[in-house]
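One structure is given below, encoded as structure tokens.
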Amino acid sequence: MKRVAILISGGGSNMVRLVEDMIGDHPARPVLVLANNPSAGGLAKAAAMGIATAVVDHRDFKGDREGFEKALISAIDPFEPDILALAGFMRILTPVFVGHYAERMINIHPSLLPKYRGLHTHARALEAGDDEAGCTVHEVTAELDDGPILGQARVPVKAGDTPDTLSARVLVQEHKLYPMALRRFASGDKSPILLG
Ligand code: NHR
Ligand code: GAR
């Protein structure tokens with residue numbers, strides 16, 4: 001049974017979907033939900049589901065990414081995770097952290113990578129006049145949003161879309177794709193999932 005730590009920054013809707021999927025017949029189980037933000041709404045949701053939670057506030061480490069990441073590692077490693085799943089985690093990770101969890105870390109990113117690495121993906125897709133958008137689950141490497149792709153889901157862009165309406169449509173697909181991709185990754189299968 002693989003042990004999964006989930007890293008969040010916000011509401012944690014993807015985290016909740018991952019946890020719900022790990023109830024029952026599954027090759028993994030959740031052991032920790034960690035946030036870099038003490039007011040992340042997902043923390044209370046994780047605690048209500050009986051999962052251990054932790055906070056490492058990056059604001060306590062102004063300008064010291066290495067110190068922040070050492071504190072993250074100290075909070076995570078006692079739980080002995082086999083897999084780290086980033087789910088709306090909003091801090092860029094340096095090669096120190098990525099190297100510590102090499103080939104054990106995955107992320108969901110709200111664009112059809114390799115398009116739109118980084119932030120504000122929906123606004124950038126609309127700005128470009130794209131007729132489709134989506135999300136990608138990928139392995140985390142030192143290069144931002146650049147690791148091997150484990151799955152993608154596509155949605156149409158509709159007339160009158162705003163970043164908010166588009167992100168809501170993409171989020172529905174994130175909630176389908178991420179549990180499927182984690183399940184497959186935990187079973188050792190890295191073949192990509194394509195939805196939509
Ligand atoms: N780290 C590495 N090395 N590789 C990846 O693929 C990563 C990563 C860390 C986070 C998630 C991510 C995304 O899916 C992710 C993937 C935050 C930023 C960012 O610019 C960019 C991408 C992602 C997460 N963060 C700012 C920073 O200075 C802070 C922004 C904020 O707090 O709102 O860290 O796109
Ligand atoms: C999701 O849309 C996720 O793809 C995105 O943040 C949202 C988190 O929602 N991630 C990023 O933008 C990473 N840079 P959630 O907290 O409800 O899962």
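Numbering of ligands and ligand atoms starts at 1, following listing order. In this chain, residues are counted from 1 in sequence order.
Residue contacts with ligand 1 include Glu143, since one or more of its heavy atoms lies under 4.0 Å from the ligand. Within the 4.0 Å heavy-atom shell around ligand 1 one finds His138. Ile108 counts as a contact of ligand 2, since one of its heavy atoms falls under 4.0 Å from the ligand. For the ligand labelled ligand 2, residue Gly12 lies inside the 4.0 Å heavy-atom shell. Ligand 1 lies less than 4.0 angstrom from a heavy atom belonging to Thr141.
In this structure, the protein non-hydrogen atom closest to atom 34 (O) of ligand 1 is Ile92 N, 2.9 Å. Taking atom 28 (O) of ligand 1 as the reference point, the nearest protein heavy-atom neighbour is Arg65 NH2, 2.7 Å.
For ligand 2, the polar-atom distance check finds no N/O of His109 at less than 3.5 Å from any of the ligand's N/O atoms. Residue Pro110 has no nitrogen or oxygen atom sitting less than 3.5 Å from a nitrogen or oxygen atom of ligand 1, judged on distance alone.
Looking at Ser167, Gly88, Ser9, it is Gly88 that brings a heavy atom closest to atom 6 (O) of ligand 2. Scanning Asn14, Leu119, Ile92 for the heavy atom closest to atom 9 (O) of ligand 2 points to Asn14.
Less than 4.0 angstrom separates some heavy atom of Gly118 from each of these atoms of ligand 1: 35 (O). Of all atoms in ligand 1, listed by their number and element, those nearer than 4.0 Å to a heavy atom of His109 are 13 (C), 14 (O), 35 (O). Residue contact check: Gly11 has heavy atoms under 4.0 Å from atoms 16 (O) of ligand 2. The atoms of ligand 1 that sit less than 4.0 Å from any heavy atom of Val98 are 3 (N).
With respect to the salt-bridge test (charged N to carboxylate O, under 4.0 angstrom), the residues Glu66 and Lys70 qualify.
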